Amino acid sequence: MLIPVFLFFFVFEVYLLTHCATFNINDSGETIMVCDLLTISHSPGYPLHTLWGRVNCLLPLGKPMFRVTFSSMLTGTLSVSMVYWILKMMFKEIFSGSASLTAPAPSAPGGIAVDGTSPSTGWGAWLWEVPALFGSLVFALSYQHWFQACGA
């Protein structure tokens with residue numbers, strides 16, 4: 001349970017240290033103004049972004065530009081955590097299914113296998129935790145996700 005919490009705070013800290021303090025190269029101040037004033041933007045309007053940005057503009061955190069950027073960073077960090085959970089469940093299903101095909105490891109009287117893993121998991125939780133963590137970090141630090149999560 002500690003891995004997703006550390007992942008969330010690590011990625012959020014990276015995004016906080018590297019966020020765009022001004023407008024993105026492909027954006028204008030209109031999206032920030034629309035979130036702050038709750039008005040209508042040019043087409044397509046981005047209604048979900050506007051409402052989520054407005055909720056974050058109500059927070060007492062600096063200027064409206066930082067508040068809207070904060071909402072993007074928070075949403076991006078939450079998506080990284082969701083990718084971690086999805087990958088973890090997927091790898092757990094794959095590896096626990098393949099581990100059940102092999103013979104179980106011999107166990108000691110306390111129910112712990114000789115190699116130190118639990119007999120119910122076979123290979124141990126590292127077999128799905130490590131790839132899930134690696135995959136979510138690759139997603140978090142990919143250029144496109146980083147660029148979108150660190151700008152307004």
Side-chain angles (χ1 to χ4, degrees), residues 1-21 23-27 31-32 34-36 38 41 44-62 64-108 110-152:
M1 185 63 186
L2 289 177
I3 292 175
V5 173
F6 287 132
L7 177 69
F8 178 86
F9 285 115
F10 172 74
V11 171
F12 189 75
E13 180 70 22
V14 168
Y15 287 170
L16 193 61
L17 291 173
T18 60
H19 78 278
C20 183
F23 304 115
N24 272 343
I25 197 167
N26 65 348
D27 199 7
T31 55
I32 296 168
V34 165
C35 292
D36 191 35
L38 200 57
S41 179
Y46 311 113
L48 187 60
H49 178 268
T50 302
L51 292 174
W52 179 239
R54 178 61 186 157
V55 167
N56 283 283
C57 278
L58 297 175
L59 297 173
L61 296 171
M65 180 182 285
F66 177 73
R67 295 175 192 162
V68 176
T69 305
F70 179 80
S71 70
S72 295
M73 289 186 292
L74 185 63
T75 307
T77 307
L78 288 173
S79 69
V80 169
S81 298
M82 289 303 297
V83 166
Y84 169 78
W85 281 108
I86 291 169
L87 288 174
K88 179 182 172 184
M89 289 188 303
M90 184 182 72
F91 287 128
K92 187 175 184 178
E93 181 67 27
I94 291 170
F95 290 131
S96 66
S98 67
S100 65
L101 297 176
T102 62
S107 59
I112 303 297
V114 175
D115 60 355
T117 61
S118 170
S120 63
T121 60
W123 290 91
W126 65 270
L127 200 54
W128 52 80
E129 294 281 350
V130 171
L133 183 63
F134 179 74
S136 60
L137 284 174
V138 166
F139 174 69
L141 302 177
S142 67
Y143 173 75
Q144 193 61 39
H145 184 73
W146 197 333
F147 180 76
Q148 296 298 329
C150 293

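Here the structure is a predicted model, which means the values were calculated and not measured.
In this structure, the side chains of Thr69 and Cys150 stay at 4.5 Å or more apart for every pair of heavy atoms. Side-chain contact check for Gln144 versus Phe139: every heavy-atom pair is 4.5 Å or farther apart. Looking at Cys35 and His49, their side chains come closer than 4.5 Å, going by heavy atoms from C-beta outward. Residues Ser71 and Leu74 are not in side-chain contact: their nearest non-hydrogen atoms beyond the backbone lie 4.5 Å or more apart. Within the 4.5 Å cutoff, no side-chain heavy atoms of Leu137 are placed close to those of Val80.
Between the CD1 atom of Ile3 and the CH2 atom of Trp85 there is a distance of 9.0 Å, given to the nearest 0.5 Å. With rounding to the nearest 0.5 Å, the separation of CE in Met89 from CD1 in Ile94 is 12.0 Å. Once rounded to the nearest 0.5 Å, the distance linking CG of Asn56 with CE of Met73 reads 9.5 Å.
By the 6.0 Å contact criterion, CG on Leu58 is enclosed, its count of non-hydrogen atoms from other residues, nucleotides or ligands being greater than 12. Within a 6.0 Å sphere centred on CE of Met90, other residues, nucleotides and ligands contribute more than 12 heavy atoms.
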Taking it one step at a time, do Leu38 and Thr50 satisfy side chain to side chain contact (heavy atoms under 4.5 Å, CB included)? CA-CA 7 Å; Leu38 200 57; Thr50 302; 4.0 Å; yes
Under the criterion side chain to side chain contact (heavy atoms under 4.5 Å, CB included), I'd like the reasoning laid out for Val34 against Tyr46: C-alpha separation, chi angles, the key distance, then a yes or no. CA-CA 10 Å; Val34 165; Tyr46 311 113; over 6 Å; no
Scan the side chains in residues 5-16 for donor-acceptor partners under 3.5 Å anywhere in the protein, sequence neighbours excluded, and list what turns up.
unit_1	atom_1	unit_2	atom_2	d
Tyr15	OH	Ala140	O	2.7
Tyr15	OH	His145	NE2	3.4

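Counting only distance, with no hydrogens or angles, the side chain of Arg67 and the backbone of Gly62 share a donor-acceptor pair below 3.5 Å.
Each of Trp146, Phe66, Phe70 was evaluated against His19; a single residue qualifies, Phe66, per the ring pair (Phe, Tyr, Trp, His ring centres under 6.0 Å) test.
Summarising the geometry of Asp36 relative to Pro64, their closest heavy-atom pair is OD2-CG, 3.6 Å, with the distance given to 0.1 Å.
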